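I have a structure here, written as structure tokens, and I will follow up with some questions on it.
In what follows, chains are A, B, ... by sequence order, proteins preceding strands, each numbered from 1. The structure displayed is predicted, hence computed values, not measured ones. Below, all heavy atoms of this structure are taken into account, side chains as well, without hydrogens, waters or symmetry copies.
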Number of protein chains: 4
Amino acid sequence: MTNARKLTRVEQKALRPIQILDAAFDEFVANGFSAARVEDIADRIGVTKGTIYVYFPTKEDLFAAMIRHISVPLEDLLKEAGELKGSHEQRLRSLLMLAYQRVAQDRRCRELLRFVIAEGSRFRDVIDAHFAEVIEPLIQRTQLILDEGIVAGEFRKAPAANADIVVSPILSLMMDLLIHDSKRRVDLQAYMEAHLDLVFNSLSQSRPQGVTDQA
Amino acid sequence: MTNARKLTRVEQKALRPIQILDAAFDEFVANGFSAARVEDIADRIGVTKGTIYVYFPTKEDLFAAMIRHISVPLEDLLKEAGELKGSHEQRLRSLLMLAYQRVAQDRRCRELLRFVIAEGSRFRDVIDAHFAEVIEPLIQRTQLILDEGIVAGEFRKAPAANADIVVSPILSLMMDLLIHDSKRRVDLQAYMEAHLDLVFNSLSQSRPQGVTDQA
Amino acid sequence: MTNARKLTRVEQKALRPIQILDAAFDEFVANGFSAARVEDIADRIGVTKGTIYVYFPTKEDLFAAMIRHISVPLEDLLKEAGELKGSHEQRLRSLLMLAYQRVAQDRRCRELLRFVIAEGSRFRDVIDAHFAEVIEPLIQRTQLILDEGIVAGEFRKAPAANADIVVSPILSLMMDLLIHDSKRRVDLQAYMEAHLDLVFNSLSQSRPQGVTDQA
Amino acid sequence: MTNARKLTRVEQKALRPIQILDAAFDEFVANGFSAARVEDIADRIGVTKGTIYVYFPTKEDLFAAMIRHISVPLEDLLKEAGELKGSHEQRLRSLLMLAYQRVAQDRRCRELLRFVIAEGSRFRDVIDAHFAEVIEPLIQRTQLILDEGIVAGEFRKAPAANADIVVSPILSLMMDLLIHDSKRRVDLQAYMEAHLDLVFNSLSQSRPQGVTDQA
DNA sequence: TATGAATGAGACTTCATTCAT
DNA sequence: CATGAATGAAGTCTCATTCAT
């Protein structure tokens with residue numbers, strides 16, 4: 001193994017900012033920007049206040065850096081989605097399920113939404129920038145598949161082919177998880193099934209099954 | 001005019017707490033609980049800090065009272081919905097539209113959601129209590145109509161008959177309005193139509209598939 | 001007597017800023033701007049830190065206000081000098097002696113010079129403004145008398161009729177008092193006599209040469 | 001070129017303290033003792049804070065060493081003056097002009113006066129010691145020439161034969177340069193001429209009264 | 001010798017809260 | 001009821017100093 005020894009100075013140095021940002025995330029999540037204390041962030045990683053200020057000049061800078069830090073991996077989701085194959089329904093289904101996985105598994109992704117809502121007015125720029133990398137691409141990609149699916153005759157051309165509406169259960173789930181946190185365990189499978197059932201039963205054109213069409 | 005005279009001392013006294021709570025709402029909305037300053041709340045109604053403390057013993061009490069104050073009118077919505085007549089679809093449609101009206105018109109109702117998300121962990125009790133009076137009744141009432149509609153053969157018995165999913169576009173809209181505030185004007189009519197189209201096209205039993213029966 | 005009772009609230013309120021400025025003067029004199037502690041200023045008048053900030057928003061503002069506070073009475077000196085009567089020599093002599101009195105008796109006037117030298121670069125504006133009300137008027141007034149005295153044939157027209165030079169012993173004395181403070185007591189009478197002897201023996205036109213008329 | 005090669009390690013080592021002291025001078029001049037930052041001193045010579053502490057144990061020690069460093073060359077002035085020849089007037093004239101040259105040309109000599117006034121109370125010892133090597137010898141030497149000149153019948157025996165008074169224009173000039181720094185260029189020639197004119201016209205015994213003997 | 005990460009005491013400043021008037 | 005001067009605890013940020021490398 002390569003890590004059987006202590007970290008070298010250089011490794012330690014490279015790690016410190018990450019440690020701080022991770023600790024800052026936890027603290028800001030727990031208390032919000034204003035109520036979070038820099039010293040408590042420091043305590044979480046066993047350093048003193050001063051150390052935080054070696055790396056970040058102000059609490060605000062730390063917050064902004066933290067937002068950037070946690071929002072980084074979010075673009076990756078879309079890359080995977082971009083390569084999805086199959087019918088338009090298949091692709092949309094895969095995209096939505098990817099989003100569910102992310103939302104369900106990645107607490108940071110969810111908490112980002114809390115920051116957007118709670119601190120948006122104070123950190124408009126940072127928040128906007130990174131909001132634009134999470135929610136908006138999801139909606140845009142969804143709308144693209146819907147539009148193409150209509151052209152391909154796979155989806156019906158209807159008001160319901162609206163990405164905001166189609167993805168909204170996912171956002172609602174995020175909110176729900178934020179509000180009740182780990183308290184109330186949502187039955188994710190049932191929730192997803194209900195969502196997809198609603199969407200595709202409404203949109204899919206030529207579906208004998210699905211039970212709506214007695215015609 | 002009935003109010004051409006100055007308020008009597010008694011009237012003034014009865015008014016003061018309301019004034020304070022209204023000012024507190026604006027201030028807490030603008031800055032969140034921690035960053036809001038009691039003095040700024042006082043300034044908004046032209047009194048001094050001390051006056052606030054005549055009516056509310058602490059900033060936390062003031063916040064809690066403010067939450068209760070703005071959440072009061074929300075129950076009324078459900079009362080109206082309870083008296084809705086017509087088919088189950090009709091009743092569900094009316095319920096959802098009532099919710100839309102409230103969400104679109106009542107900024108306080110929307111901001112309540114911000115407090116739920118931003119300050120939920122600090123004011124668990126008061127937030128939970130009043131969350132339970134807004135979102136949950138909406139969902140429960142919705143689920144009730146769905147279940148009854150299925151029994152009545154009006155809706156198909158399907159996973160999609162899930163109130164969380166059915167109302168989620170409304171919550172998403174609230175969030176969207178919170179985040180972008182007055183910036184981006186959503187086309188409410190189109191949004192509602194898309195929502196209802198999706199829901200009823202998916203759920204309604206006896207419907208010529210693929211059409212939103214306006215025709 | 002009118003002050004046999006405690007001060008009223010109103011009187012106390014009016015007094016507080018003065019108290020603070022006086023205490024600030026002492027503290028800034030003792031330690032300079034940077035090393036002075038706001039809490040020590042507060043301690044000098046038996047209040048707490050917070051009280052200082054009720055009246056002055058920052059330490060810098062307090063310093064600037066203090067400078068303005070102590071420099072106020074300095075213009076008065078010149079008013080008296082303006083009404084001096086007698087020959088030009090008499091008037092110049094009176095002006096210089098007025099300056100000596102001020103320098104010798106008013107510690108604040110001297111300490112102002114210390115602030116000018118020590119904090120000038122940090123408080124350029126305030127310092128310049130009030131420097132311009134002390135030293136410069138003295139020099140200008142001196143030059144005016146010299147010039148008029150030459151025209152009147154009372155002083156010889158010579159390079160020595162230079163106000164900067166003529167007043168410099170006064171500035172040197174200020175510096176000396178600043179540096180040695182109360183340690184080394186200068187013999188003010190001898191110093192003044194030497195100064196005036198030098199000046200008038202050099203400038204006066206119609207004087208039996210080389211003698212300060214003990215005759 | 002003699003210095004076309006890099007410095008050897010030994011030379012580098014001997015140079016470092018000098019570099020530090022020079023940088024410290026600039027920083028302390030710019031900000032005063034308290035507001036000066038050790039790190040800024042280090043930055044001025046491209047080393048890190050730690051390096052400063054290799055050579056000077058504390059910031060105070062560094063300041064004291066810096067004072068000693070810049071005051072060293074000042075004794076030399078007096079050595080030259082001691083060897084001046086000619087009449088007593090000639091010798092005094094030369095002494096004063098030497099002082100002027102030093103004051104006009106050597107910024108460090110002037111800034112020392114600022115430290116004396118600004119930091120005197122904090123560094124009483126070091127400041128006193130080095131003040132005693134600059135101003136006091138000048139005054140003592142001046143007084144010596146005056147006294148000898150009187151004995152020799154060259155100067156009149158008068159109160160004006162007072163070294164403090166006689167040299168004060170030089171100190172005033174130093175102050176003026178400190179306060180206005182490079183802003184207002186004083187006409188040094190005119191200033192000196194006025195000074196010497198005043199002094200010798202007042203003191204010289206055998207001079208056709210009231211005239212500046214250029215004629 | 002030089003580094004620079006880390007420290008921690010201490011400064012400025014804020015603001016919820018109190019209380020005499 | 002209302003005021004607003006005063007408090008003091010607490011938070012952000014600074015920086016002289018240390019020490020392992």
Taking the nucleotide of DNA chain F with the nearest heavy atom to each, does C:I52 or D:E60 sit closer to the 5' end?
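Final value for this comparison: C:I52.
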Watson-Crick or G-U counterpart of E:dA20, or none if no pair lies under 3.5 Å
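Pairing partner, where one exists within any strand: F:dT3.
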Rounded distance (Å) that lies between atom C1' of F:dT17 and atom CD1 of D:I41:
14 Å
When the nearest nucleotide of DNA chain F is assigned to A:E39 and to D:G50 on a heavy-atom basis, which residue is associated with the more 5' position?
A:E39
Begin with the C-alpha distance, continue with both residues' side-chain angles, and end with the deciding distance and a verdict on side chain to side chain contact (heavy atoms under 4.5 Å, CB included) for A:Y55 and A:L62.
CA-CA 9 Å; A:Y55 295 89; A:L62 174 56; over 6 Å; no
Considering just the side-chain nitrogens and oxygens of B:K59, establish if one lies under 4.0 Å of OP1 or OP2 belonging to E:dA16.
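Checking B:K59 against E:dA16: at least one side-chain N or O falls below 4.0 Å of OP1 or OP2.
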Under 4.0 Å, counting only non-hydrogen atoms across every strand here, what does A:A42 touch: a base, just sugar-phosphate, or nothing?
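The residue A:A42 makes no contact with any strand.
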Tell me the interatomic distance from D:L15, atom CG, to E:dT1, atom P, rounded to whole angstroms.
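The distance from CG of D:L15 to P of E:dT1 comes to 14 Å, rounded to the nearest Å.
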Which nucleotide, if any, forms a Watson-Crick or G-U wobble pair with E:dC12, using both distances under 3.5 Å?
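Paired with F:dG11.
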Please step through side chain to side chain contact (heavy atoms under 4.5 Å, CB included) for the pair B:F63 and B:F56, ending with a clear verdict.
CA-CA 9 Å; B:F63 184 87; B:F56 302 95; over 6 Å; no
N or O in side chain of D:T51 less than 4.0 angstrom from E:dA2 OP1/OP2:
no
Basic-acidic side-chain contact under 4.0 Å: B:E27, B:R44
yes
From E:dG4, F:dT3, F:dA16, nucleotide with atom closest to B:V47 side chain
F:dT3
Spacing between D:D61 atom CG and F:dT18 atom C1', to the nearest angstrom:
16 Å
Would you mind reading off the distance between A:I20 atom CD1 and E:dA5 atom P, rounded to a whole angstrom?
11 Å
Nearest to the side chain of D:T48, heavy atoms from C-beta on, is which of E:dG4, E:dA6, F:dA2?
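When the side chain of D:T48 is considered, E:dG4 is the closest of E:dG4, E:dA6, F:dA2.
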Test for a donor-acceptor pair under 3.5 Å between the base of F:dG11 and the side chain of C:K49, counting only N and O atoms.
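No, the side chain and the base share no sub-3.5 Å donor-acceptor pair.
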Between A:I20 and A:I45, the two heavy atoms sitting closest are CG1-CD1, 3.6 Å
Under a 4.0 Å threshold between the charged nitrogen and the carboxylate oxygen, would D:K49 count as salt-bridged to D:D43?
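Answer for the salt bridge query: no.
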Side chain of D:V38 - closest among F:dG4, F:dA16, E:dC15
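The answer is F:dA16, which lies nearest to the side chain.
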Spacing between C:F56 atom CZ and F:dA5 atom P, to the nearest angstrom:
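Computing the C:F56:CZ to F:dA5:P distance gives 13 Å.
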Closest listed nucleotide, where the reference is the side chain of C:Y53 and the choices are F:dT12, F:dA16, E:dC12
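Minimum distance to the C:Y53 side chain belongs to E:dC12.
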Give a yes or no on whether a salt bridge exists between C:E111 and C:R108, defined as a side-chain N under 4.0 angstrom from a carboxylate O.
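Answer for the salt bridge query: no.
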From CG of C:N31 over to P of E:dG10, roughly how many Å is that when rounded to an integer?
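Spelled out: CG on C:N31 to P on E:dG10 is 15 Å.
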Using a heavy-atom cut-off of 4.0 Å across all strands, would you classify D:A35 as base, sugar-phosphate, or nothing?
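If one applies the 4.0 Å heavy-atom cut-off, D:A35 turns out to touch nothing in the nucleic acid.
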Between atom CG in D:L62 and atom C1' in F:dT17, what is the gap in whole Å?
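About 13 Å, once rounded to whole Å.
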Output the rounded distance in Å from CZ (D:F28) to P (F:dC15).
13 Å
Is any side-chain N or O of C:Y55 closer than 4.0 Å to OP1 or OP2 of F:dA6?
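Indeed, a polar side-chain atom of C:Y55 lies that close.
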